[in-house]
Amino acid sequence: MRATKMFLCTLREDPAEAEVDSHILLLRAGFIRQFAAGVFAYLPLGLKSLKKIENIIREEHSFIGAQETQLSILQTRELWEEAGRWDVYGDILFRLKDRKDRDLCLGPTHEEPITDIVRNMIKSYRELPVALYQIQTKFRDEARPRFGLIRCREFLMKDMYSFHETKEDLEKFYKQVARCYERIFSRLNLTYYKVEADPGVIGGSANHEFVVPGLSGESQVFMCSKCNYKATSEKASGKISEIPLEKVEESIREVYTPQANSIEKLANFLDIKPSNIIKTMVFIADDQPIVVLIRGDYEVNEAKLINNLNISELRVATGEEVIRYFSSPIGFLGPKNLPALTTLLADESVFTLKYGVVGANKEDYHLLGFNPHKDLTGSIIKGNYRSTKNDDLCPLCEAPLKEIKGMEVGHVFNLGTKYSKAMKATFTNREGTEQSFLMGCYGIGVSRSLQSVAEEHHDENGLQWPISVAPYELVIIPIDYQKPDQKNAADQLYQKLLSLNFEVVLDDREITAGVKFKDADLIGYPIRVTISPRTLAKGVIEVKLRKDGSSELISQEEIANYLLHLKTRLFKEIEETVPPLLTIG
RNA sequence: CGGGGCGUAGCGCAGUCUGGCUAGCGCGCUUGGUUCGGGACUAAGAGGUCGGCGGUUCAAAUCCGCCCGCCCCGACCA
């Protein structure tokens, strides 16, 4: 491609709308353009890179026998009601009506349509397993779109759904897909972690997230500092590291604690550590109040509560609700003398205390010397309801866990029969009886991956695409294309490289060399070839790598051959990081 | 949804507090000339519903009200 014919629109200055490096650079280099919050257009360069990612995904999916489909974006309310998600999905679902006033939505994910297709078309175990995927635009009305392509309302996703006869077959395929994902992210040259995750509203049992580090605020992951354990904050089950013992009061005694209505104030007032306090939290779970006890230095993890209680809706109770149900203001609530039949849950951390401080159920008073082992009466549901924190201990090897911020680029779910049962998707098994499909679903954020690669591969001058994702592999920059000898050399090399199937840009613009260099750095072509009168006089041409700035002078006769080898080498460096395929055993 | 910031030429910004000539600056763009290894120099130009609507005023980018949009933090989040 000649630069004079390209849709190049690089920006000299950082756009005000972006703050994250990768977002700024994708805008500045002319890869994307924003239309509304979380809504983007892909410009020619961006689309080229996006297609590279898509094709890597297609190739790797073909290796595990998955077939590409394209499901409709527009979906009906009826289909969504079958699996019970029309109401559950809430505001995130883009809803619309057609001219006959029928309810429709724009697909945020495609479990329902795929299950509908398979239940109608697959009737026998002989046709299983089946794995279908699509690379499709998804719509989610996110509460807060942010970071460019990272959290969008319209975005590109690869989603795959698999259908199996047996649990074993599903588990085997699940592992193959996980490996498929590892291969894809390796080929994108992304640093990623495969971590145990929480299923959320998708449901099912086993599931793993693929997380790339960086872009804080999106996803929290806990990694063991010693072994291989990695889990998201909703899932991580860190062991409690600190078991405090101080100021032991051995029997219950009421103390006056004016205005000490928070853990911090109470700890200061009594001069003890937060870990010596038992916090009493009230939640409204499906319209019923529940009380959760937890040690003062931990936070309640709502996702864990939801999963443990098998409820669909959970929120923290308001101050008025707490007074209405328990006649005590927030901050002075405690487990002693609660109304009978109160659902009472206690996090394991509470039982690391021999004696702790609890609310007295009246304003400005707390109780010292509360013994959770003896003084907790009635039925208590013990469990892990706390968010793991830094330096909690690994559940596998007890080394300290460390928190990292990351971003989810892929997720694999073992769904079991959640959707097939709800949607009556069955087949006839080899015993001749009807059975629900066992399902898996597997997603990759494609547009998000594009920005993740940009986030990991850039410097202060611009993008540094790995060759597998770069919109073009190489740029030829003649210092002055108007000079016949440079023009000849550049044209000749350009034609030669085109014939060798290089994806190459010839920067034939009539501008100073500096601008061409700056643009090349910003756009991030992996290889830059400079045609200069200085080197031409010596019969050589400069070849420079964007990723490390290294350069070499190559003779004009050797240049095409050299570039061919260089390109092969760059691809090979990436391929060497790709783990082997898992073959079906 | 709560908190904060912003909206003036294609892009980045000043001007708003303290109302007052024809709304500025840099980059980019157009034309001519000189340049050509890291966003050149020079001369001449084009380009604006000051986010929108309403109000106050002799006079509004500037003050007041309502609305819209974008960004950041939080809540939320396959």
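Order of the sequence lines sets the chain letters (A, B, ...), proteins ahead of strands, with each chain counted from 1. Side chains included, hydrogens not; waters and symmetry mates left out as well; all remaining heavy atoms used.
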Ring pair (Phe, Tyr, Trp, His ring centres under 6.0 Å) involving A:Phe163 - partner list, sequence neighbours excluded: A:Phe437
Pair assignment for B:G10, Watson-Crick or G-U wobble, requiring both distances under 3.5 Å: B:C27
Just jot down the side-chain contact (heavy atoms from CB on, under 4.5 Å) partners of A:Lys194, sequence neighbours excluded, or say none. A:Ala178, A:Glu182, A:His208, A:Phe210
Quick check: on RNA chain B, is the nucleotide nearest A:Leu11 upstream (toward 5') of the one nearest A:Asp480, or the reverse? Name the residue that is more 5'. A:Asp480
How many Å lie between CD on A:Gln220 and P on B:C77, as a whole number? 13 Å
Rounding to an integer number of angstrom, what distance separates B:A9 and B:U62 when you compare their P atoms? 15 Å
Taking only the P atom of each, what is the distance from B:C1 to B:C17 in whole angstrom? 31 Å
Under the salt bridge (Lys or Arg N to Asp or Glu O under 4.0 Å) rule, collect the residues that match up with A:Glu13, sequence neighbours excluded. none
When you compare B:A43 with B:C27, how far apart are their P atoms, in angstrom units rounded to a whole number? 12 Å
I'd like a table of atom pairs between the protein and nucleotides 67-72 of chain B - only N or O on both sides, under 3.5 Å - with the distance next to each one.
residue, atom, partner, partner atom, Å
B:C70, OP1, A:Ala37, N, 2.7
B:C70, O3', A:Gln34, NE2, 3.4
B:C71, OP1, A:Gln34, NE2, 2.9

Take atom C1' in B:U30 and the same atom in B:G3, then report the distance between them in whole Å. 47 Å
If we ignore angles and hydrogens, is there a donor and acceptor under 3.5 Å between the side chains of A:Glu209 and A:Tyr193? no
d(CD, A:Gln482; P, B:G33) in whole Å: 14 Å
Which base, if any, makes a Watson-Crick or G-U wobble pair with B:A46, both distances under 3.5 Å? none
Sugar-phosphate, base or nothing in reach of A:Asp519, heavy atoms under 4.0 Å: base
List the residues meeting ring pair (Phe, Tyr, Trp, His ring centres under 6.0 Å) with A:Phe173, not counting sequence neighbours, and say none if there are none. A:His164, A:Tyr442
So which nucleotide does B:C17 pair with, by the Watson-Crick or G-U wobble rule with both distances under 3.5 Å? none
Take atom CD of A:Glu510 and atom P of B:U35, then tell me their distance rounded to the nearest Å. 14 Å
Does B:C63 pair with anything, Watson-Crick or G-U wobble, both distances under 3.5 Å, and if so, with which nucleotide? B:G55
Position toward the 5' end of RNA chain B (nearest nucleotide), A:Lys516 or A:Lys483: A:Lys483
B:U22 and B:A61: how far apart are their P atoms, nearest whole angstrom? 11 Å
For B:C70, what is the paired nucleotide under Watson-Crick or G-U wobble rules, both distances under 3.5 Å? B:G5
Decide whether A:Ser550 and A:Glu552 meet the rule of one side-chain donor and one side-chain acceptor closer than 3.5 Å. no
So, for A:Tyr472 and A:Trp465, is the gap between ring centers shorter than 6.0 Å? no
Output the rounded distance in Å from CZ (A:Arg151) to P (B:G74). 12 Å
Base, sugar-phosphate alone, or nothing: which one does A:Glu408 contact when heavy atoms must sit under 4.0 Å apart? sugar-phosphate
Taking B:A14 as the reference, what is the distance to B:A23 when you measure between their C1' atoms (whole Å, please)? 11 Å
A:Ser449: side chain to side chain donor-acceptor pair (under 3.5 Å) partners, not counting sequence neighbours: none
Measure CD/A:Glu302 against C1'/B:G74 and give the value in whole Å, please. 14 Å
Pairwise P distance for B:C21 and B:U34, with rounding to whole Å: 43 Å
Pick the P atom in B:A60 and in B:C71, then give their distance to the nearest Å. 33 Å
Note: contacts of residues 523-536 of chain A with RNA chain B (heavy atom, under 4.0 Å) are A:Arg528, A:Thr530, A:Ser532, A:Arg534, A:Thr535
Partner of B:U35 under the Watson-Crick or G-U wobble criteria, both distances under 3.5 Å, comes out as none
Using a 4.0 Å heavy-atom cut-off, does A:Arg28 contact any base of the nucleic acid, only the sugar-phosphate backbone, or nothing at all? base
Return the orientation label for the A:Phe40 and A:His23 ring planes: parallel under 30°, perpendicular over 60°, tilted otherwise. perpendicular
Side chain to side chain donor-acceptor pair (under 3.5 Å) partners of A:Lys158, counting only residues at least two apart: A:His61, A:Tyr181
Give me each pair satisfying salt bridge (Lys or Arg N to Asp or Glu O under 4.0 Å) with a member in residues 474-484 of chain A, each pair once, sequence neighbours excluded. A:Asp480-A:Lys483
Give the rounded distance in Å between these two atoms: NZ of A:Lys518 and C1' of B:C27. 15 Å
From CD1 of A:Ile477 over to C1' of B:G38, roughly how many Å is that when rounded to an integer? 10 Å
Measure the distance from CD1 on A:Ile476 to C1' on B:G37 and round it to the nearest whole Å. 17 Å
